[in-house]
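Note on naming: letters A, B, ... go to the chains in the order of the sequence lines (proteins, then strands), and numbering restarts at 1 for each one. Side chains are part of it too, since the values below use all heavy atoms of this structure and drop only hydrogens, waters and symmetry mates.
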Protein chains: 2
Amino acid sequence: MEEGTSKSPGYTAVTDPEYCQKWDPREDCEVRQILDRIADKWSLLVIALLDLRSLRFTELRREIDGISQRMLTVTLRQLERDGLVRRTVHPVVPPRVDYELTPLGATLHDTIEALVNWTEAHRQEIASARDDYDRRAAAAAGELVDA
Amino acid sequence: MEEGTSKSPGYTAVTDPEYCQKWDPREDCEVRQILDRIADKWSLLVIALLDLRSLRFTELRREIDGISQRMLTVTLRQLERDGLVRRTVHPVVPPRVDYELTPLGATLHDTIEALVNWTEAHRQEIASARDDYDRRAAAAAGELVDA
DNA sequence: CCGAATCCCTTTAGATACTG
DNA sequence: CAGTATCTAAAGGGATTCGG
């Protein structure tokens, strides 16, 4: 166990201090901080859409059903700050702001695609797992009433 | 463009109605619903840890710095409901509850590893992008004061 | 008109005390 | 030990307003 680097690059023993430090949320720009940004409800959606083609603010808003203007603005600013998205303001009337992935943002393509594909591949299993769980929970609640 | 399935399985044109419906957050167990669960701050961390080995409640709590008991409980319940995590209660004193990935949960290994590896590989770029952004923002604020 | 900043209110997360 | 209950803090959504 002295080495343990060949099999799984990002994974080591849970008790490995280096592993724990890497995940420490207090360190600036450590894995947790970045993961919290990427693994975000809206960020992921924005990146997935911009990976197809560059879009305007309103186009994104229309595509992402349920997002508020405020959260779209906030999300885009965070992604811009992290260098994943480029924001281009066209000084025209009416105003036009285009958003596109930067080269860095584009490197997320494979990763996000993998995530989306996994989700699509397993949604039926998850749906039935939820049904099972809910049915059991309902049954357990029924027993409590009986008792 | 009639086919368009060879290159990128999960990706189609933004205006494709099927693509849009797939992402509709109102549909039960559609992609968005599942993605919101997987691509969650704590869920991802829990799954990554359980992918190494099964852990007890308190072990998870200790490993995931910053998580509250409540959010760990909530997260684990959601993952259990979705069939990704199995919860085993040992009827002993003091009580002992073990959490492990189900076979379904284990299939997330590659995907999550890819996400973690991407994060590790690009954290420097993101850190400098943030510095750039913040320095520019500060400079812009300075100009406003001057003006 | 579009993009975004602001205000207000609701929902959710986080901290802590308590229980089987 | 492994949670639940409760309270407080913060994030998110909606409507309005403003600047270009």
Student: Identify the pairs formed between an N or O of the protein and an N or O of nucleotides 15-20 of chain C at a distance under 3.5 Å, and give each distance.
Tutor:
residue: C:dA17; atom: N6; partner: B:Gln69; partner atom: NE2; Å: 2.9

Student: Do any of residues 73-86 of chain A sit with a heavy atom less than 4.0 Å from DNA chain C, and if so which?
Tutor: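 Correct list: A:Thr73, A:Arg77.
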
Student: According to a strict under-4.0 Å criterion, is A:Lys41 in side-chain N/O contact with OP1 or OP2 of C:dT12?
Tutor: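 Answer is no, no contact under 4.0 Å.
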
Student: Answer with base, sugar-phosphate or nothing: what part of the nucleic acid does A:Arg87 contact at a heavy-atom distance below 4.0 Å?
Tutor: sugar-phosphate

Student: B:Trp118: what forms a side chain to side chain donor-acceptor pair (under 3.5 Å) with it, not counting sequence neighbours?
Tutor: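 Applying side chain to side chain donor-acceptor pair (under 3.5 Å) to B:Trp118 gives A:Thr107, B:His122.
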
Student: For B:Arg87, which residues count as a side chain to side chain donor-acceptor pair (under 3.5 Å) partner, sequence neighbours excluded?
Tutor: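 For B:Arg87 the side chain to side chain donor-acceptor pair (under 3.5 Å) partners, ignoring immediate neighbours, are B:Tyr99.
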
Student: Rounded to the nearest 0.5 Å, how far apart are CD1 of A:Ile47 and CG of A:Leu108?
Tutor: 5.0 Å

Student: Any base atoms under 4.0 Å from A:Val93, or only sugar-phosphate, or nothing? Heavy atoms, all strands.
Tutor: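 Since no nucleic acid heavy atom lies under 4.0 Å of A:Val93, the category is nothing.
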
Student: Please report the distance, rounded to the nearest Å, between CD1 in B:Ile64 and C1' in C:dA13.
Tutor: 15 Å

Student: Identify whether any heavy atom of A:Arg56 sits under 4.0 Å from a base atom; if not, whether one sits that close to sugar-phosphate; answer base, sugar-phosphate or nothing.
Tutor: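 A:Arg56: backbone/sugar contact only, no base atoms under 4.0 Å.
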
Student: Using the salt bridge (Lys or Arg N to Asp or Glu O under 4.0 Å) criterion, which residues pair with A:Arg37? Sequence neighbours excluded.
Tutor: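 In terms of salt bridge (Lys or Arg N to Asp or Glu O under 4.0 Å), with neighbours along the sequence ignored, A:Arg37 is linked to A:Asp82.
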
Student: Verify, without hydrogens or angle tests, whether B:Thr119 (side chain) and A:Leu35 (backbone) share a donor-acceptor contact under 3.5 angstrom.
Tutor: no

Student: To the nearest Å, how far apart are A:Asp98 CG and C:dC2 P?
Tutor: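 Computing the A:Asp98:CG to C:dC2:P distance gives 14 Å.
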
Student: Can you give the donor-acceptor pairs under 3.5 Å from side chains of residues 69-77 of chain A to other protein atoms, not counting sequence neighbours?
Tutor:
residue: A:Thr73; atom: OG1; partner: A:Gln69; partner atom: O; Å: 2.9
residue: A:Thr75; atom: OG1; partner: A:Met71; partner atom: O; Å: 2.6

Student: List for me each residue that meets salt bridge (Lys or Arg N to Asp or Glu O under 4.0 Å) alongside B:Arg86, sequence neighbours excluded, and say none if there are none.
Tutor: B:Glu100

Student: Can you check the B:Leu72 CG to C:dG14 P distance for me, whole Å?
Tutor: 12 Å

Student: Nearest nucleotide by nearest heavy atom, which residue falls closer to the 5' end of DNA chain C, A:Tyr99 or B:Met71?
Tutor: A:Tyr99

Student: If the condition is side chain to side chain donor-acceptor pair (under 3.5 Å), which residues does A:Arg81 pass it with, not counting sequence neighbours?
Tutor: B:Asp134

Student: Identify, with sequence neighbours excluded, every residue that meets side chain to side chain donor-acceptor pair (under 3.5 Å) alongside B:Asp98.
Tutor: B:His90, B:Arg96

Student: Under 4.0 Å from any heavy atom of chain B: name the first and the last nucleotide of DNA chain D that qualifies, 5' to 3'.
Tutor: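 Range of nucleotides within reach of chain B: D:dC1 to D:dT6.
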
Student: Take A:Asp51 and A:Ile112 through the test side-chain contact (heavy atoms from CB on, under 4.5 Å) and record every step on the way to the result.
Tutor: CA-CA 10 Å; A:Asp51 189 42; A:Ile112 289 189; over 6 Å; no

Student: Got a sec, which residues hit side-chain contact (heavy atoms from CB on, under 4.5 Å) with A:Asp132, two or more places apart in sequence or on another chain?
Tutor: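 Result, side-chain contact (heavy atoms from CB on, under 4.5 Å) vs A:Asp132: A:Arg135, A:Arg136.
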
